[in-house]
Chemist: 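I am attaching a structure below and will ask some questions about it afterwards.
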Amino acid sequence: MDKGSAILRRGMYFVHDNPQIIYTLFLVIAIPVAFFWTNERFATLARDSQDRLEYTKISYLHDGLGLFVAENFDDPKKLTQGLEKIAFENKTMIAGKVLRKKTASSTDEVRYYPVVASMSPLDAGEEAIIFDQDSNFSFDRASDDAHHSYFAELLSAKGRYWRSVRAIMATSTDEVVGYLLTEMSMSDADNKFASEKKNAYIISFVIILAIMVLLGRQARIIDYASLYQKLKDVDRMKDDFVSMAAHELRSPLTVIRGYTEMIDESETLSPDAHKHLGNIDRAAVQLNTLIGDILDVAKLQEGRLSFAYADVDVSTEIEAVVTAFLRPAKDKGLTLNYERTALPLISVDIGRFHQVMVNFIGNAIKYTPSGSVHVTTSATEDTLSVRISDTGMGISADDQKKLFQKFYRVKGAETSGITGTGLGLWITQEIVKSMHGTIAVESIKGKGTDFIVSFPIVKK
Ligand code: ADP
């Protein structure tokens, strides 16, 4: 019992982990069953309507033939000719007879009715049994109704056939004097149906086979889909881990920077020690930037980066960033300027806009060995553009195409000593896109680069 339920549980887990099995099984069973059911249903419908047609045809035949038989009941020769003619025109007719009814008074035992005319040559004194035990067929069931026929479906070695009987009334007395009996073979129609059904099954089989082949491929696609889902889960776990690790790294880094600053303030330190502390602080800043980038990438990938939009004149923000970079620019011997003017309002998250400016202006200073960095603004009716121009190393057309890819850095002698992650421009582009802005690059290798970042103006 325990073993059985363990196997059942394992089976359930397996199906749970591989849902494509249910899908495949369902289709493998459902499709053939659907085809089989449809084929059978159509065959039954077709046979029913064929039988109905036959029924109507025989009823009409009996209506006409019944009148003819009633009028000529005493003329067996004429009756025979009439039956022969009808049989000639109806190839499915296998028997056509006229029987005379015997009354109880005319014989001791009424078990047979004599045949007075037949479409095929008559045996002398041929009679028809009035109650056929094998087929449970009785002429009495034809009753006294000369307007309706009595039908029975019977089976012979040659196939299905219909026996139908119509009571014949004497024209003068309205008494039943005999019966008209016809037998129509249904085997032709049945054979045709059987062969059509066979064809339908062959076609269905081919279609099912084709569907099964496609399903095999489909199952593989579902396999890939569940694999993809699992990979996504792993990827999310990785992002969560990276976010958590990056976050945790920041606290000790802040402590390191705090103590470095404290020690640096001491007047008893040698100039060499101050230099070393400067190196420690620069490395810590670099590490902090890297952690910030990693956190931003993780947040962007998870769609967790939030934006607090406000309508702002960004000139103050640009000026603040430029001011913050004056010292590093001066240290490198670069001129950095921005001519502040009032700007039309744009709808951005000011913190994120600040981050974008820091990245562009920071890069411009970082990748410009000598010369200048200019920040200018311009506005059209719809758009405000901020242009960050430098006279730096420039970017080749090939590199420009890959610039915004994650981790992409231009490789070459001129960039060899410059540290970075290759994440800044990817993050910047994602942020700008999220704020409905665009970025364009204009650059000539060896001459300098312009980054133009544009945002739609707020319409009042
Ligand atoms: P990082 O600066 O950390 O390498 P970014 O994504 O900010 O990463 O920049 C990607 C690359 O684009 C840089 O490595 C650099 O080669 C190139 N780049 C960015 N800004 C400039 C610029 N103003 N002039 C020349 N090259 C630049």
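Indexing begins at 1, ligand by ligand and atom by atom, following the structure's order.
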Chemist: Students should be able to answer this: which protein heavy-atom is nearest to atom 7 (O) of ligand 1, and at what distance?
Modeler: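 Scanning the protein heavy atoms, the shortest distance from atom 7 (O) of ligand 1 goes to Asn363 ND2, 2.8 Å.
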Chemist: Say whether Phe451, considering both its backbone and side-chain N or O atoms, lies within less than 3.5 Å of an N or O atom on ligand 1.
Modeler: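 Such a contact does not occur with ligand 1.
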Chemist: When only distance counts, is Leu403 in polar contact with ligand 1, meaning an N/O pair under 3.5 Å?
Modeler: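 Among all N and O atoms of Leu403, none is under 3.5 Å from an N or O of ligand 1.
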Chemist: Counting distance only, does the side-chain N/O of Thr289 pair as donor-acceptor with the main-chain N or O of Val285 below 3.5 Å?
Modeler: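 Checking the backbone N and O of Val285 against the side chain of Thr289, a donor-acceptor pair under 3.5 Å is found.
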Chemist: If you measure every N/O of Arg409 against every N/O of ligand 1, is any gap under 3.5 Å?
Modeler: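 In this structure, Arg409 places an N or O atom under 3.5 Å from an N or O of ligand 1.
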Chemist: Aromatic rings Phe151 and Trp162: how do their planes relate, parallel, tilted or perpendicular, breaks at 30° and 60°?
Modeler: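 Answer is perpendicular, since the angle exceeds 60°.
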Chemist: Closer than 3.5 angstrom, by distance alone: can the side chain of Asn90 be matched with the main-chain N or O of Thr92 as a donor-acceptor pair?
Modeler: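 Side chain of Asn90 to backbone of Thr92: no pair is present.
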Chemist: Regarding ligand 1, does Leu425 bring an N or O atom to under 3.5 Å of one of the ligand's N or O atoms?
Modeler: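 Between Leu425 and ligand 1 (N or O atoms, distance only) the closest approach is under 3.5 Å.
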Chemist: For ligand 1, which part of Asp390 has a heavy atom less than 4.0 Å away: the side chain, the backbone, both, or neither?
Modeler: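 Only the side chain of Asp390 comes within reach of ligand 1.
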Chemist: Any side-chain to backbone donor/acceptor pair from Arg166 onto Ala146? Under 3.5 Å, distance only.
Modeler: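 Flag set: sc Arg166 to bb Ala146 pair under 3.5 Å.
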Chemist: Test Ile365 against every option in Leu336, Ile388, Asp390 by the side-chain contact (heavy atoms from CB on, under 4.5 Å) rule and name the one that passes.
Modeler: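 Only one option passes, and that is Leu336.
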Chemist: Is the count of non-hydrogen atoms from other residues, nucleotides or ligands lying under 6.0 Å from Lys91 atom NZ greater than 12?
Modeler: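 Counting other residues, nucleotides and ligands, NZ of Lys91 exceeds 12 neighbours.
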Chemist: Test your reading of the structure: does Tyr367 have an N or O sitting under 3.5 Å from an N or O of ligand 1?
Modeler: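 Yes; the residue has a nitrogen or oxygen that sits under 3.5 Å from a nitrogen or oxygen of the ligand.
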Chemist: After noting the C-alpha distance and the side-chain angles of Asn363 and Asn359, does the key distance pass the side chain to side chain contact (heavy atoms under 4.5 Å, CB included) rule?
Modeler: CA-CA 6 Å; Asn363 272 355; Asn359 194 44; 4.0 Å; yes
Chemist: Nearest 0.5 Å, please: how far is NE2 in His274 from CD in Glu267?
Modeler: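 If I round to the nearest 0.5 Å, the distance is 8.5 Å.
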Chemist: In this structure, does ligand 1 have an atom that sits under 4.0 Å from one of the heavy atoms of Gly422?
Modeler: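 Right, Gly422 reaches ligand 1.
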Chemist: What residue and heavy atom of the protein are closest to atom 26 (N) of ligand 1, and at what distance?
Modeler: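 Of every protein heavy atom, Ile395 CG1, 3.4 Å lies nearest to atom 26 (N) of ligand 1.
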Chemist: Is it the side chain (CB and beyond), the backbone, both or neither of Tyr408 that lies under 4.0 Å from ligand 1, heavy atoms counted?
Modeler: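 It is the backbone that gets close, since no side chain atom is under 4.0 Å.
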Chemist: Going by the atom numbers of ligand 1, which of them fall below 4.0 Å from some non-hydrogen atom of Val410?
Modeler: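 So the atoms of ligand 1 that pass are 14 (O), 16 (O).
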Chemist: For atom 3 (O) of ligand 1, what is the nearest protein heavy atom, given as residue, atom name and distance?
Modeler: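 Result for atom 3 (O) of ligand 1: Thr421 N, 2.9 Å.
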Chemist: When you compare ligand 1 with Trp426, is there at least one nitrogen or oxygen pair between them that comes in under 3.5 angstrom?
Modeler: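 In fact, backbone or side chain, Trp426 has no N or O that close.
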Chemist: What salt bridge (Lys or Arg N to Asp or Glu O under 4.0 Å) pairs are there with at least one residue in residues 36-57, not counting sequence neighbours?
Modeler: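 The answer is Glu40-Lys197, Asp51-Arg160, Glu54-Lys57.
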